[in-house]
Amino acid sequence: MSIDFAHELNEAQLEAVTATEGPVLVIAGAGSGKTRTIVYRLAHLVQQGVDPAQILLLTFTRKAAQEMLARAEAILGRSLHGTSGGTFHSFAYATLRANAMDIGFEGGFTLMDRADSENICKSVKDDLKLGKGDRSYPKKATLMDVITKSRNKELTIDAVLEREAYHLNPYLDDFTEISDGYAKFKRQHALMDYDDLLFLLDELLEKNEPLRNQLQTRYKYIMVDEYQDTNLVQARIVRHLAGTKGNVMAVGDDAQSIYAFRGANVANILEFPKIFEGTKIVRLEKNYRSVQPILDLTNEILQGATARFDKNLYSDLKSDKLPQVIHPLSDQTQARLVVDQILKFQKKYLLHDIAVLFRAGYQSFSLEVALTRIGIDYQKFGGIRFHEAAHIKDVLSMIRLVLNPHDLLAWQRAMDHIKGVGPKTVAKIYAAMHTKDGKSEKYLTKMVGKHEALRELLVELDKLRSQPPKPGAVLESLLVYYQPILMEKYPDDYPKRQAGLEQLSQIAAGYSDMETFIGDLSLDGDPDDEKRKENAVVLSTVHSAKGLEWSAVIIIDLVEDRFPSRRAMQRAEDLEEERRLMYVACTRAKEHLTLLVPSSVFNRASGMSEPTLPSPFVTELPETVYDRLNESYGGGLEQRRKQVVSLPEPSTDTLMEEAAPSGPKVDPRKLGFCKHKIFGKGKIVAFIEPNKYRVNFPGFGLKVIIGDYLELL
DNA sequence: TACAACAGCTTTTTT
DNA sequence: AGCTGTTGTA
């Protein structure tokens, strides 16, 4: 089967796809078919006779790599088995594991997640007796922030504090001490954090020439996606892998650089042609995603940037509708208006083709409540990660104890549910368990006799230790043990958490050994990412929305201190990144873009609603690129007339259409039992005009639900 | 008196 | 969800 590349791609894309020999830098504007280009290039290489095993595809998330490989397989009609694809971190993890003895980890190593790193930081701090009783002492998260930033930007701690956290300067010596102690602790316990993966790989490739040559020979063709978000060490890794004359393609967009906070260096893109001699530069500027009015708005956002981007995206896709800027009275009514808008869009698009984006994870809370109440399913990306959720950590702590009985933090987690046992008692029990004398044994016997839950925990651990360490079986056993604890610990929402655990069990079943399972989970193990739910609205942080697109995009909380973030208002550099973030957010939209600017938001500190200032990214926009709607005190929306308008009068396409999604109506006269997608079976208690029901759901209590979301039984 | 339980407060972004 | 300060209990 032959693919008609010239027909499927535009000129620039074709050039990037067929330039397989030598270094290539592709500057790809938002929505310019970047993914398509990579996919077709994969296919082209294989069709030219390249062995798939000679290709390495480095992307920002593992999901992105898998998706691209799958799409290439689809158009090729053959498997790309053997192609290496994944994130820098996962590639590093695999390579380091295979060469552990070469980097001084003869007995292998354990990968830590962020929480582990922070906890070690804290215990190092405590051991050094630093910051005792000082309430304004930097928190463990701050300590870790500074340490990891210093590594990722390859600056001294001194320089990091100077540039980004001037107020922490008095703690400079402490930071240095803690950072050293942290590094030492990791070495002693054969632990690695995310940063170590990259730096140790760089070091390994630097000094081990045979390995470097071996990898260079193996990976004849290398592609790196999202190059604007790579940091210095990642750039060095690419150089090691490709050699200076390798066949390497980097794809990126300087206007979409949004990871400077973690050391990403846009200069990598500019340096690329200098490092790789004879680099061919290809620019993709035609946009295939968004209608022109949306691009008019996003181009305006870039106009305000201090760093000039000589980029002006254009599209053939027309629309007579401008993006909307809506000013709700408060963040509460904002949630309601967003729900209205989703209901409206739902008539035209599938739910998973609609997204609500925000700056930070917590900003969607009230919307999540509103969506649950009305019965719209949603899927959230960003914010608290799957493996960071408390119930997942509870279960994982048990696995950690099977792997390593000296893991004190895991013991604390595993005993957290035992009434009358706190951190001190756990430490005592821990000490007694690892001492072999009569006193300790007596103490243990006493405690086990006193706390039935402790006995059960130890029995379960013994059971797990005695059975073969197969992730699937272990998880199954654990879930049975953990079920009653889950229900007691999280009475409000345990069904949801249980679903998460079952998901974890499913994932575990796909692994044959424990270490790989745990490693993958810390690296990219968000199973929610894996399958995009069919019938659920997408809620996402802007960062997690990178590279994705939806027909309708709604961005909330566009006010000062939220978007841009309060933390970014100090330094011009940070504010510029917020602007690019805003650019990324708006360019996700294909047909509809709605920006919400609440006039007041709830402030937890003062406990009341406070007036806001609109985000500069909105106020800067010329009025010609959007339609403005204000929420009136009556709750409706009014279109504000523009100063200079000769446009057709306001379309009636506002939000005030009756929120009545199509679907089977429930017969009001028939009270009885019904079924709801989220709450399950319930008893209808009352009918509320015109189309709502009060239903009693076992485990959830009374809820008022719109008839369309109920199925009569 | 030591420790556990509870309530209240704050929350950027992520491999 | 974690940290801190406060209250409650053996």
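Every chain is numbered from 1 and lettered A, B, ... according to where its sequence line falls, protein lines coming before strand lines.
Look at CD on A/Gln363: it is 17 Å from P on B/dT10, rounded to the nearest Å. We find that CD of A/Glu226 is positioned 13 Å from C1' of B/dT14, with the value rounded to whole Å. The interatomic distance linking A/His417 (NE2) with B/dA4 (C1') rounds to 15 Å, in whole Å. If you take CG of A/Asp561 and C1' of B/dT10, they are 15 Å apart, rounded to a whole angstrom. Atom NZ of A/Lys419 is separated from atom P of B/dA5 by 6 Å (rounded to the nearest Å). Distance A/Gln234 CD to B/dT14 P: 16 Å, rounded to the nearest Å. Atom pair A/Leu198:CG and B/dT14:P shows a separation of 17 Å (rounding to whole Å applied). Remark: C1' of B/dA4 and CG of A/Asp416 are 11 Å apart, rounded to the nearest angstrom.
Dashed line: the shortest gap from a side-chain N or O of A/Arg62 to OP1 or OP2 of B/dT15 is not under 4.0 Å. Neither OP1 nor OP2 of B/dT15 sits under 4.0 Å from any side-chain N or O of A/Ser90. The shortest distance between the side-chain N/O atoms of A/Ser544 and the OP1/OP2 oxygens of B/dT14 is below 4.0 Å.
Map A/Gly422 and A/Ala568 each onto its nearest nucleotide of DNA chain B; the residue landing nearer the 5' end is A/Gly422. With the nearest nucleotide of DNA chain B identified for both A/Lys428 and A/Glu578, A/Lys428 has the one nearer the 5' end.
Closest to the A/His89 side chain, of the nucleotides B/dT11, B/dT14, B/dT15, is B/dT15. The nucleotide whose nearest atom lies closest to any side-chain atom of A/His543 is, among B/dA4, B/dT14, B/dT11, B/dT14.
Using a 4.0 Å cut-off between charged side-chain N and carboxylate O, A/Arg579 and A/Glu620 make a salt bridge. Between A/Glu118 and A/Arg114 a salt bridge is recorded (basic side-chain N to carboxylate O distance below 4.0 Å). Ion pairing between A/Lys34 and A/Asp225 holds under the 4.0 Å rule for side-chain N and carboxylate O. In summary, A/Lys186 and A/Asp196 engage in a salt bridge, as defined by a charged side-chain N under 4.0 Å from a carboxylate O.
A/His89 has its ring centre no less than 6.0 Å from the ring centre of A/Tyr93. The aromatic ring centroids of A/Tyr583 and A/Phe617 lie 6.0 Å or more from each other.
Applying the 6.0 Å contact sphere to CD of A/Glu368 captures more than 12 heavy atoms from other residues, nucleotides or ligands.
B/dT15 has no base stacking with the ring of A/Phe88 when judged by centroids under 5.5 angstrom apart and an interplanar angle below 30°.
For residues 409-422 of chain A, the pairs satisfying side-chain hydrogen bond (donor to acceptor under 3.5 Å, both in side chains) are A/Asp394-A/Arg413, A/Asp416-A/Lys489, with sequence neighbours left out.
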Give every pair of a protein N or O atom and an N or O atom of nucleotides 7-10 of chain C that lie under 3.5 Å apart, one pair per line with the distance.
none

Using atom names, set out every protein N or O paired with an N or O of nucleotides 1-3 of chain C below 3.5 Å, distance rounded to 0.1 Å.
unit_1: C/dG2; atom_1: OP1; unit_2: A/Lys393; atom_2: NZ; d: 3.0
unit_1: C/dC3; atom_1: OP1; unit_2: A/Lys140; atom_2: NZ; d: 2.4

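The aromatic rings of A/His189 and A/Phe185 sit parallel to each other, their planes meeting at less than 30°, with 60° as the upper class boundary.
Looking at heavy atoms from C-beta onward, A/Gln332 lies in side-chain contact with A/Ser366 at the 4.5 angstrom threshold.
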